[in-house]
Amino acid sequence: MRLSQLFTKTSKTVPADETAKNAQLLIKAGYIHKEMAGVYAYLPLGLRVLENIKQIVREEMNALGGQELIMTNLQRRELWEITDRWDDAKVDIWFKTQLKNGTDVGLAWSHEEPITAMMKNYIASYRDLPANVYQFQTKLRNELRAKSGIMRGREFVMKDLYSYSRSDEEHQKFYDSVTQAYLNVFHRVGLGDITFVTYASGGAFTQFSHEFQTITDAGEDVIYLDRDKKLAVNQEVYNDEILAQLGLDKNKLEETKAAEVGNIFSFGTAKSEQLNLYFTDEDGKDKPVVLGSYGIGVTRLMGVVAEHFSDDKGLVWPENIAPAKVYLARLGDGAETVKQADELYELLTENQVQVLYDDRDTRPGEKFADADLLGIPYRVVVSEKTVSVGACELKARTAAEPKQVSQEELFKTLGITSQ
RNA sequence: CGGGGUGUGGCGCAGUUGGCUAGCGCGCCGCGUUUGGGACGCGGAGGCCGGAGGUUCGAGUCCUCUCACCCCGACCA
């Protein structure tokens, strides 16, 4: 992509009404736009990051045998009344509206009920199970107070996965595999070292749920972490009894702030029974389906990454999710410089390397500052200087100084094998 | 929803005890000089001061109501 054609711009200042670091950086760099409190638009570069994260999640979900679908955002009142979650006293973050004929509808804050009700159409026999379905969906939650930029919005994107199993054993096996898949996701987006499986409140169905907590000051949770065991306990369930049960030594635990980037639940059969989701076993007996629910807040995850991978100059995207791998800065507009920069842009693009080509008529300092602010992993410079020596200049976003490299070395660094 | 704070060109801000054509920086447009870490000069465009009432000869400034936004708390993926 040529920056001269990108409609977004970077900014030297941040809006005064935005204090969350993730939102400040993302707005400054032109990745997102704030529409209202807790509601953000994803601009072209921000969308790329979001899609890159989604793709990683998608690959891990598909590897589990998850099947992607997309539910609706308008939901039926009757469905939520069955499980007693329509009442504002029970769920206080509902957005609700009405059809022209007066029928109440809810705007999706979760999809457990509708998706489970829908599965009744497809699950009748033990032969239909297990079934694991997931989606990337916009969730709408009427939070009393939005905060922390894209880490807690009123509208956000979540990957939600639902598992339907024949037995507790079958469910548990899948549940454990999801745990591993989630760890893979957080590892791949660069947060592996600071994200921990955390015991949290399990709600009405089980003693615990498992959260995936990423250590960050911007987080809203407090966890007690055993680094050796790579396990943590959320403050909400933290007590001596629980620690004993989990075999954790209180003296070894580290208290830290963290952000919940994922949460997985076992529902047992309670919800299936409520919603009448049964299957016929080999023996001809009807049994309720065992249900699990697994979420990753995708936009929140992007916020946590932005929050964590940044310095005083701006964002520092991990390569896996960066909106481009290379920031190609062309300095000067001499004929040969333009020619060589254009050619390098074409060549990299042909080799499947995503490039932000800064072909704008601006001064070098501005280009360097933008390259840093945007947080692109590699900066490549083509200028009169590099043209004259027949090399180009390469600097990793995290490196202090650039170095001169041949095109061969450049390609090698960027992982391009053939030429 | 309780407490605190803020609303003035796209962004960041100033505006005195009410007083004259509402300023400054960034950004934007034009011309010129520049060109390896956000250049400089000259000339421009752009604002009924969040909104509605009110007080006053006169309101960005005072009063009332209202809307929005931010922070702390409670709540929460």
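In what follows, every chain begins at residue 1, and chains take the letters A, B, ... in the order their sequences are listed. On a predicted model such as this, the values are computed, not experimentally measured, just so you know.
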Span that lies between the [atom1] atom of [M] and that of [N], in whole angstrom:
{"N": "B/rC70", "M": "B/rG12", "atom1": "C1'", "answer": "16 Å"}
{"N": "B/rU56", "M": "B/rG43", "atom1": "C1'", "answer": "41 Å"}
{"N": "B/rG23", "M": "B/rA45", "atom1": "P", "answer": "13 Å"}
{"N": "B/rG37", "M": "B/rC42", "atom1": "C1'", "answer": "27 Å"}
{"N": "B/rG10", "M": "B/rG46", "atom1": "C1'", "answer": "10 Å"}
{"N": "B/rC11", "M": "B/rC48", "atom1": "P", "answer": "14 Å"}
{"N": "B/rG7", "M": "B/rC31", "atom1": "P", "answer": "38 Å"}
{"N": "B/rC62", "M": "B/rU55", "atom1": "C1'", "answer": "8 Å"}

Any N or O donor-acceptor pair linking the side chain of A/Glu366 to the base of B/rG37 at under 3.5 Å? no

- request: Test for a donor-acceptor pair under 3.5 Å between the base of B/rG7 and the side chain of A/Asp17, counting only N and O atoms.
  value: no

So CD of A/Gln137 and OG of A/Ser110: to nearest 0.5 Å the spacing works out to 10.5 Å

Value in whole Å for how far the [atom2] atom of [N] lies from [atom1] of [X]:
{"X": "A/Asn234", "N": "B/rC75", "atom1": "CG", "atom2": "C1'", "answer": "14 Å"}
{"X": "A/Asn142", "N": "B/rC75", "atom1": "CG", "atom2": "P", "answer": "18 Å"}
{"X": "A/Leu331", "N": "B/rA39", "atom1": "CG", "atom2": "P", "answer": "13 Å"}
{"X": "A/Ile27", "N": "B/rG10", "atom1": "CD1", "atom2": "C1'", "answer": "14 Å"}
{"X": "A/Leu144", "N": "B/rG3", "atom1": "CG", "atom2": "P", "answer": "14 Å"}
{"X": "A/Leu43", "N": "B/rG10", "atom1": "CG", "atom2": "P", "answer": "18 Å"}
{"X": "A/Arg154", "N": "B/rC69", "atom1": "CZ", "atom2": "C1'", "answer": "11 Å"}

Residue-phosphate contact under 4.0 Å: [X] side-chain N/O, [N] OP1/OP2:
{"X": "A/Lys34", "N": "B/rC70", "result": "yes"}
{"X": "A/Thr19", "N": "B/rC71", "result": "yes"}
{"X": "A/Arg145", "N": "B/rG2", "result": "no"}
{"X": "A/Lys147", "N": "B/rC70", "result": "no"}
{"X": "A/Arg363", "N": "B/rG38", "result": "no"}

The nucleotide from B/rC70, B/rG12, B/rG37 with an atom nearest the side chain of A/Lys313 is B/rG37

Side-chain atoms of A/Asp370 come closest, of B/rG38, B/rG37, B/rC69, to B/rG38

Check [X] against [Y] and note the closest heavy-atom contact, atom names and distance.
{"X": "A/Val389", "Y": "A/Gln404", "result": "CG2-NE2, 3.7 Å"}
{"X": "A/Asn142", "Y": "A/Arg154", "result": "OD1-NE, 4.1 Å"}
{"X": "A/Leu129", "Y": "A/Tyr164", "result": "CD2-O, 3.5 Å"}
{"X": "A/Leu331", "Y": "A/Lys367", "result": "CD2-CD, 4.1 Å"}
{"X": "A/Gln274", "Y": "A/Ile82", "result": "O-CG2, 3.3 Å"}

* To do: Is it possible for you to check whether A/Lys90 lies under 6.0 Å from the centre of the six-membered ring of A/Trp80, through NZ or CZ, and within 45° of that ring's axis?
  => no

Exercise. Cation over ring, A/Arg141 on A/Phe156, under 6.0 Å and within 45°?
Worked result: no

Between [X] and [Y], is there a donor-acceptor pair closer than 3.5 Å when you use the side chain of the first and the backbone of the second?
{"X": "A/Ser148", "Y": "A/Met151", "result": "no"}
{"X": "A/Glu170", "Y": "A/Arg166", "result": "yes"}
{"X": "A/Thr337", "Y": "A/Asp333", "result": "no"}

Select base, sugar-phosphate, or nothing to describe what [X] touches, counting heavy atoms under 4.0 Å on all strands.
{"X": "A/Ile93", "value": "nothing"}
{"X": "A/Lys139", "value": "nothing"}
{"X": "A/Arg379", "value": "base"}
{"X": "A/Asp160", "value": "nothing"}
{"X": "A/Gly153", "value": "base"}
{"X": "A/Glu220", "value": "base"}
{"X": "A/Glu18", "value": "nothing"}
{"X": "A/Thr386", "value": "base"}
{"X": "A/Val381", "value": "base"}

Sorted by position of nearest nucleotide on RNA chain B, 5' first, the leading residue of A/Arg360 and A/Glu155 is A/Arg360

Contacts of A/Phe156 and A/Glu384 projected onto RNA chain B by closest heavy atom; the upstream (5') one is A/Glu384

Under a 4.0 Å heavy-atom cutoff, the residues of residues 184-196 of chain A touching RNA chain B are none

Practice item. Test A/Phe208 against A/Gln245 for side-chain contact (heavy atoms from CB on, under 4.5 Å), laying out the working first. Key: CA-CA 12 Å; A/Phe208 296 115; A/Gln245 185 186 343; 3.7 Å; yes

Ion pair present between A/Glu68 and A/Arg58, side-chain N to carboxylate O less than 4.0 angstrom? yes

Symbol by symbol from the 5' end, with Watson-Crick or G-U pairs under 3.5 Å, [ ] crossing and | another strand, RNA chain B is (((((((..((((.....[...)))).((((((.....)))))).....(((((..]....))))))))))))....

